[in-house]
Amino acid sequence: MNLNTNLGNKRSIKLLTTMAMLCSLAVVGRLAFTFIPNVQPTTAIILLSALSLGAIPGIMIAIVSTLVTNFILGTGIWTLWQVVSWSMIALITGLFKNFHQRLPVFVLSLYAGLCGLIYGFIISIPMSRFVGNFWGYYLAGLPFDISHSIGNIVFFSIFYPIYFKIFKNQFKTF
């Protein structure tokens, strides 16, 4: 067996297991906080995934965690738009992968809060078609988006230093 192929397999296995763990955390976190509307660590975990692993793994984690939790919480047309919203956030966040360490945690936490508002905006576009009025639908959901935003700031502020301290050496091998 070629040594380079073996190293590639180890990297792939490490990446896959890390992604599976992050999906599990996103699912359990979302289910554990269902008693608080729109407050869950899922977005923060997707952000951390995209920052550390890149946009594509972040998108994959967004898709899998959304589908798994919606099998339990209930699925509908909104599932597709949740996948799209979280995937867009992972895609945008993946662009920061190479320089997020130079940004203060405070700035990244504010970005996490902004992602709560972005999520709500993106999901409101297709869902408002059922109501017929985008701005009415969006403004009615704004308190929930603000809750999501505040939850993202809190979860991200807590998770970011812990996450990168634990996995600091692991990400160099992906």
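Hydrogens, waters and symmetry mates play no part in the numbers below; they use all other heavy atoms, side chains included.
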Could you list the donor-acceptor pairs under 3.5 angstrom formed by side chains in residues 129-145, with sequence neighbours left out?
from	atom 1	to	atom 2	distance (Å)
Asn133	OD1	Trp135	N	3.2
Asn133	OD1	Gly136	N	3.2

Hphob cluster co-occupancy, [X] + [Y], side-chain heavy atoms under 4.5 angstrom:
X: Ile59; Y: Val83; result: yes
X: Phe96; Y: Leu22; result: yes
X: Tyr160; Y: Phe99; result: yes
X: Leu47; Y: Val107; result: no
X: Leu95; Y: Phe156; result: no

Whether Phe164 and His100 hold their rings parallel, tilted or perpendicular, with breakpoints at 30° and 60°: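 Taking His100 first and then Phe164, their aromatic rings sit tilted (interplane angle of 30° to 60°).
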Identified side-chain hydrogen bond (donor to acceptor under 3.5 Å, both in side chains) partner of Gln82 from the options Thr69, Asn70, Thr66: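 The side-chain hydrogen bond (donor to acceptor under 3.5 Å, both in side chains) with Gln82 is passed solely by Asn70 among Thr69, Asn70, Thr66.
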Side chain to side chain contact (heavy atoms under 4.5 Å, CB included) assessment of Val39 paired with Val154: CA-CA 10 Å; Val39 175; Val154 171; over 6 Å; no
CE/Met127: more than 12 non-hydrogen atoms of other groups inside 6.0 Å: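 Counting neighbours around CE of Met127, more than 12 heavy atoms of other residues, nucleotides or ligands fall under 6.0 Å, so yes.
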More than 12 heavy atoms from other groups under 6.0 Å of CE on Met19: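 Yes - once you tally the heavy atoms of other residues, nucleotides and ligands closer than 6.0 Å, there are more than 12.
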Using 0.5 Å steps for rounding, measure from the [atom1] atom of [X] to the [atom2] atom of [Y].
X: Leu53; Y: Thr18; atom1: CG; atom2: OG1; answer: 6.5 Å
X: Lys97; Y: Ser49; atom1: NZ; atom2: OG; answer: 12.0 Å
X: Leu15; Y: Ile56; atom1: CG; atom2: CD1; answer: 11.5 Å
X: Ile61; Y: Met21; atom1: CD1; atom2: CE; answer: 8.5 Å
X: Asn152; Y: Ile89; atom1: CG; atom2: CD1; answer: 7.5 Å
X: Leu108; Y: Phe106; atom1: CG; atom2: CZ; answer: 11.0 Å

Could you tell me which non-hydrogen atom of [X] sits nearest to which non-hydrogen atom of [Y], and how far apart they are?
X: Thr42; Y: Ser65; answer: CG2-OG, 4.2 Å
X: Ile46; Y: Ala90; answer: CG2-CB, 3.8 Å
X: Ser85; Y: Ile122; answer: OG-CG2, 3.3 Å
X: Ser147; Y: Pro37; answer: CB-O, 3.9 Å

By ring-ring contact (aromatic ring centres under 6.0 Å, His included) - contacts of Tyr119 (at least two apart):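 Residues passing ring-ring contact (aromatic ring centres under 6.0 Å, His included) with Tyr119: Trp86, His148.
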With a 3.5 Å cut-off and sequence neighbours excluded, list the donor-acceptor pairs that the side chains of residues 109-118 form with protein atoms.
from	atom 1	to	atom 2	distance (Å)
Ser109	OG	Val105	O	2.9
Ser109	OG	Ser157	OG	2.8
Tyr111	OH	Thr93	OG1	2.7

